[in-house]
Amino acid sequence: MLVAGDAIEEARARGRPIVALETTIVTHGMPYPQNLETARNVERIVRESGAIPATIGVLDGNIHVGLDDAQLERLARAKNVRKLSRADLPYALAAGIDGSTTVAATMICAHLAGIEVFVTGGIGGVHRGAEKTFDVSADLEELARTAVTVVCAGAKAILDLAKTLEALETRGVPVICYGTDEFPAFWSRSSGLPAPLRLDSSAEIARFIAIKRDLGLAGGTVVANPIPQSKEIPANDLRPHIEAVIEEARARDIAGKDVTPYLLERLAALSGGRSLAANVALIENNARLGAEIAIALRA
Ligand code: PSU
Ligand code: MN
């Protein structure tokens, strides 16, 4: 049911730092071939930073922790592959199908494999208009339950970021903003929302995680790492496009699991590829920090 690649088995046996990576960003977050290039680059950055990458996905009903390159390519090229969150994971295993894991499902699989640190682009959150649609990502519930540290660039600015932070606070999920007093807004460094917590080094973050664990506090930690200044899209440039794509999704009755992939794809089109380029840059930046934290946790 759970298959760990050879490199991961060995890393685990030796107590080496491992960084989990998700695959919904590959199958539903970016088009081919940028998705495959980015996934490979992120693995390379984790390795060059001194940790071992474990990209997680489901193939033929097996959870793979540490997909090999051919397996990664299979998911990256797949059309109509399923996006798996907590509720879908046992379904995919029972049905023997392929699927990509969201932040929530990747946290579950990483935890099963004993991996403490996970790098992604942005967590899911509370969608705008959630008071009507009730669309709140299962990622938030997972963060409340499962003890994995998720390194991201904040939550995607297509969401209601203020409500997302409120929901995380209610669930007791620490949101550590790395080197900034503001919660980062994925493509932009600034959201106008104050950082719930701030730490400035991976050593301090590792200490925080260790203390949280020793206190027996359940659940994960969000580490929000702002996109590098040179790669960010100013919030004002993106705002009209975000509003346009949300309106488009509403008019077309896009709902449920399809909302986030639809918004990301349309935003990339309307921004002339700028949002995609920023998305690539921020994940690579997160990979470096995630590796540092995984290493600091072993020190
Ligand atoms: N980060 C990205 N692109 C993505 C995602 C994260 O840069 O596509 C994915 C993650 O897998 C996350 C999902 O769990 O979007 C959120 O989907 P939803 O809003 O349906 O919960
Ligand atoms: Mn949703």
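Atoms within each ligand, like the ligands themselves, are counted from 1 in listed order.
- The closest side-chain heavy-atom distance from Asp258 to Arg252 is not below 4.5 Å.
- The heavy atom nearest to atom 21 (O) of ligand 1, out of those in Ser137, Gly125, Ala155, Ala278, is found in Ser137.
- Residue-level proximity to ligand 1 for Thr260 is carried by the side chain, the only part with a heavy atom below 4.0 angstrom.
- Every heavy atom of Met30 sits 4.0 Å or more from the atoms of ligand 1.
- Numbered from 1 in the order shown, with element, the atoms of ligand 1 that lie under 4.0 Å from a heavy atom of Lys83 read 17 (O), 18 (P), 20 (O).
- As for Asp135, its N/O/S atom nearest the Mn ion (ligand 2) is the one called OD1.
- Considering backbone and side-chain N/O of Ile25, none are found under 3.5 Å from N/O of ligand 1.
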Report the C-alpha distance between Arg171 and Glu141 in whole Å, list the side-chain angles of each, state the deciding distance to 0.1 Å, and finish with yes or no for side-chain contact (heavy atoms from CB on, under 4.5 Å).
CA-CA 8 Å; Arg171 288 161 178 78; Glu141 294 297 333; 2.8 Å; yes

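- Less than 4.0 angstrom separates some heavy atom of Lys156 from each of these atoms of ligand 1: 1 (N), 2 (C), 3 (N), 4 (C), 5 (C), 6 (C), 9 (C), 15 (O).
- For ligand 1, the atoms closer than 4.0 angstrom to any heavy atom of Thr120 are 1 (N), 6 (C).
- Heavy atoms from other residues, nucleotides or ligands lying under 6.0 Å from CG of Asp214 number more than 12.
- Dense packing is recorded around OH of Tyr32, with more than 12 heavy atoms of other residues, nucleotides or ligands lying under 6.0 Å away.
- Other residues, nucleotides and ligands contribute over 12 non-hydrogen atoms within 6.0 Å of the NZ atom of Lys212.
- Shown here is Glu182, whose CD atom has more than 12 heavy atoms of other residues, nucleotides or ligands within 6.0 Å.
- Ligand-side atoms of ligand 1 in range of Asp139: 12 (C), 14 (O), 16 (C), range being under 4.0 angstrom from any heavy atom.
- To the nearest 0.5 Å, atom CG of residue Asp69 and atom CZ of residue Arg40 are 4.0 Å apart.
- The side-chain hydrogen bond (donor to acceptor under 3.5 Å, both in side chains) with Thr106 is formed by just one residue from the set Thr101, Thr120, Thr24; it is Thr101.
- The shortest N/O to N/O separation between Glu22 and ligand 1 falls below 3.5 Å.
- Nearest to atom 6 (C) of ligand 1 by heavy atom, out of Gly256, Gly121, Gly122, Cys152, is Gly122.
- Counting heavy atoms under 4.0 Å from ligand 1, residue Asn279 touches it through the side chain alone.
- Which parts of ligand 1 touch Thr102 is read off a 4.0 Å heavy-atom cut-off, strictly below it: atoms 11 (O), 14 (O).
- Numbered from 1 in the order shown, with element, the atoms of ligand 1 that lie under 4.0 Å from a heavy atom of His127 read 19 (O).
- The 12-atom threshold is not exceeded at CZ of Arg82, counting heavy atoms of other residues, nucleotides or ligands nearer than 6.0 Å.
- Close approach to Leu264 involves these atoms of ligand 1, each under 4.0 Å from a residue heavy atom: 3 (N), 4 (C), 8 (O).
- Counting only N and O atoms by type, the side chains of Glu142 and Thr146 include a donor and acceptor under 3.5 Å apart.
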